[in-house]
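One structure below.
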Amino acid sequence: MNKPKVSVVLGLQWGDEGKGKILDVMASEADWVLRAQGGNNAGHTVEIGSEKYVLHLVPSGILRSKVSCLIAGGAVVDPGGLIREIEGLTQRGIQTRSRLFLASQAHLVLPVHRAVDRGFEKKRGRSRIGTTGRGIGPAYSDKMARIGLRAGELALPPGELAKRLRERVEAHNRAARVQGWEKISATGTIREMARAAKFLRPYLTDGVSVAHRAVAAGKRILIEGAQGTFLDVDHGTYPFVTSSHCTAGGACTGTGVPPTAIRRVVGVLKAYTTRVGGGPFVTEDGTLGHLLHGMGREFGSTTGRARRCGWFDAVLVRRAVQLNGVTEMAMTNLDGLDGLEKIPVCIGYRLRNKVLREPPVEVSDWEKCRPVYRMFEGWCEPTTEARQWGDLPKKARTYLSAIKELVGAPLGIISVGAGREQTFRHG
Ligand code: GDP
Ligand code: IMO
Ligand code: MG
């Protein structure tokens, strides 16, 4: 058997670290990209020259014509959303047939799930999670409750698919009466899924066999994570998280690729921190947010919401490095800090007169933590033209080297702009 060549690429913060960009760059030397988890709550941006693509479910390798892509079984798929994405790519000249595959094991996101997502958020009021409204949590809940429908069921005889959908929608409507959720039309859902079935059937495959054949053939595989470590349902700022496993373990369960096949874990992170939606954020800083938004940066790729912004949090990233077994980091958006004279980095959390070096367990404690900062001198010059380590201003190199030490992982890739060419390896 060939030696496995599998790398995992995932986010080390709260999502939107620039995974799409880094995956696209890495995909120039890949055969397969497998999307492990999440749904169309994700928005992965790839900029190629003046063209900008935002991918939600389709793996970021799709823009490299020699790369094959699989939406693996750990993902949840809104059929309508996927079809719109495929059609959008086709219109732009990106072919998906015979190189995009959808695992039959992936669970379906149905209109009932979006209704429940909206219902729960409304009920939570001011303490809402700020979900993307894509029905992700309810779809994963159905999976865990063992009442979900899987993508493979789209290949059932139409009558059988209709029967299963009707049962699911009717159960929703009975619960909706009690819970105050919107009711959903069973006929509407059946019609929508029948159309989706026709369109998506040629893409369906056994995701695990596809992944294993690629591993056994020694293909170069990238496993694409969505969201980020602190949105992981187990390791994030629960309950302000998504409903899947965004950490390295999720890459294995989501694709069926075993941990022993993984050679490399690339943790993508920003030179500062952002988060969308509710939940604790120790280093949040309105002034930095104002500055970045003023530059037209940090608006969500999926919902267009302004992202909350803050300073680099080494407490958070150190934990992310441990959780994921990061073998190298890919640091993006260094250029976002170009104009600043002073740059704080959080090295501890102050909670009730103690300084924590590790994040607390309870969100109520997390919300009370105050940052302990170490100050760095800004470089106050553009980094966007840098193409190698030596091109960076000395103070930027000092900043990056300190972060590497603080979080305990090597720095492999540096990104100084959204373009493919604005990326280089460290050293
Ligand atoms: P993802 O969800 O992790 O793929 O990240 P998003 O695509 O949601 O958000 C990252 C944003 O940063 C996108 O608009 C990217 O085009 C952009 N980006 C990525 N790397 C860099 C960088 O080094 N500099 C700049 N200026 N933008 C970047
Ligand atoms: P990518 O892959 C940033 C956030 C939402 C919300 C929480 C739960 O582009 O990095 P959900 O709809 O998943 O139930 O929302 O998670 N969230 C993301 N934030 N990037 C993402 O994906 C996200 N996907 C979900 O804003 O706070
Ligand atoms: Mg994103």
Side-chain angles (χ1 to χ4, degrees), residues 9-25 35-48 51-57 59-60 75-76 78 109 113-114 116-118 120-121 128-141 224-233 236-244 246 267-281 292 295-308 330-338 382-384 386 413-424:
V9 182
L10 46 69
L12 296 187
Q13 293 157 324
W14 277 294
D16 302 329
E17 297 91 346
K19 298 176 292 295
K21 179 201 153 148
I22 297 298
L23 276 148
D24 167 69
V25 170
R35 168 73 185 276
Q37 37 70 229
N40 59 354
N41 48 349
H44 296 175
T45 313
V46 180
E47 291 194 23
I48 306 170
E51 293 289 312
K52 180 171 166 175
Y53 301 86
V54 181
L55 299 155
H56 300 288
L57 272 162
S60 304
V76 287
D78 169 353
V109 181
H113 298 130
R114 286 192 293 278
V116 176
D117 196 353
R118 285 191 290 271
F120 272 130
E121 284 287 88
R128 66 183 174 274
I129 290 165
T131 71
T132 59
R134 299 292 193 273
I136 304 302
Y140 275 113
S141 300
E224 171 170 0
Q227 291 77 54
T229 298
F230 295 96
L231 289 173
D232 182 289
V233 67
T237 43
Y238 191 89
F240 297 96
V241 292
T242 190
S243 299
S244 66
C246 326
V268 187
L269 73 176
K270 275 182 179 146
Y272 46 94
T273 314
T274 62
R275 117 166 263 178
V276 197
F281 186 170
L292 293 166
M295 290 155 74
R297 310 166 68 119
E298 303 310 344
F299 292 94
S301 327
T302 297
T303 57
R305 289 179 289 179
R307 295 175 182 146
R308 299 160 65 193
M331 166 81 79
T332 70
N333 285 278
L334 181 66
D335 54 303
L337 301 176
D338 282 353
T383 55
T384 47
I413 301 171
I414 296 154
S415 166
V416 291
R420 277 177 172 171
E421 67 293 350
Q422 292 171 298
T423 327
F424 51 88

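When a ligand or atom number is given, it counts from 1 through the structure's own listing order. Just so you know, these numbers come straight off a predicted model, no measurement behind them.
Among His44, Arg128, Gln227, His56, the residue whose heavy atom sits closest to atom 22 (O) of ligand 2 is Gln227. Comparing Gly39, Gly277, Gly130, Gly236 against atom 5 (C) of ligand 2, the shortest heavy-atom distance belongs to Gly130.
Considering backbone and side-chain atoms together, Arg305 places an N or O closer than 3.5 Å to an N or O of ligand 2. Among the atoms of Asn41, some N or O lies under 3.5 angstrom from an N or O of ligand 2. For ligand 2, the polar-atom distance check against Val276 finds a nitrogen or oxygen pair separated by under 3.5 Å. Annotation: Thr131 places no N or O atom under 3.5 Å from an N or O atom of ligand 2; distance criterion only.
Taking a 4.0 Å cut-off on heavy atoms, Arg307 registers as neighbouring ligand 1. The shell of residues lying under 4.0 angstrom from ligand 1, judged by heavy atoms, excludes Gly11. Gly43 counts as a contact of ligand 1, since one of its heavy atoms falls under 4.0 Å from the ligand. Heavy-atom separations between Arg297 and ligand 1 include at least one value shorter than 4.0 Å.
Residue-level proximity to ligand 2 for Trp14 is carried by the backbone, the only part with a heavy atom below 4.0 angstrom. Looking at Lys19 against ligand 1, both its backbone and its side chain come within 4.0 Å, counting heavy atoms.
Against a heavy-atom cut-off of under 4.0 Å, Glu17 is close to the following atoms of ligand 1: 3 (O), 5 (O). Taking every heavy atom of Gly20 and a limit of under 4.0 angstrom, the matching atoms of ligand 1 come to 4 (O). Distances below 4.0 Å separate heavy atoms of Val416 from the following atoms of ligand 1: 23 (O), 24 (N). Close contacts between ligand 1 and Glu47 involve ligand atoms 16 (O) [criterion: under 4.0 Å to a heavy atom]. Under a 4.0 Å criterion applied to the non-hydrogen atoms of Ser301, ligand 1 contributes the atoms 6 (P), 7 (O), 8 (O). Each of the following atoms of ligand 1 lies closer than 4.0 Å to a heavy atom of Ser415: 20 (N), 21 (C), 22 (C), 23 (O).
For atom 16 (O) of ligand 2, the closest non-hydrogen atom on the protein side is Leu231 CD2, 3.6 Å. Ranking the protein heavy atoms by distance from atom 3 (C) of ligand 2 puts Asp16 OD2, 3.2 Å first.
Excluding waters, the set of protein N/O/S atoms under 2.8 Å from the Mg ion (ligand 3) reads Asp16 OD1, Gly43 O.
Between Arg307 and Asp16 there is a salt bridge, with a side-chain nitrogen of the basic residue lying less than 4.0 Å from a carboxylate oxygen of the acidic one.
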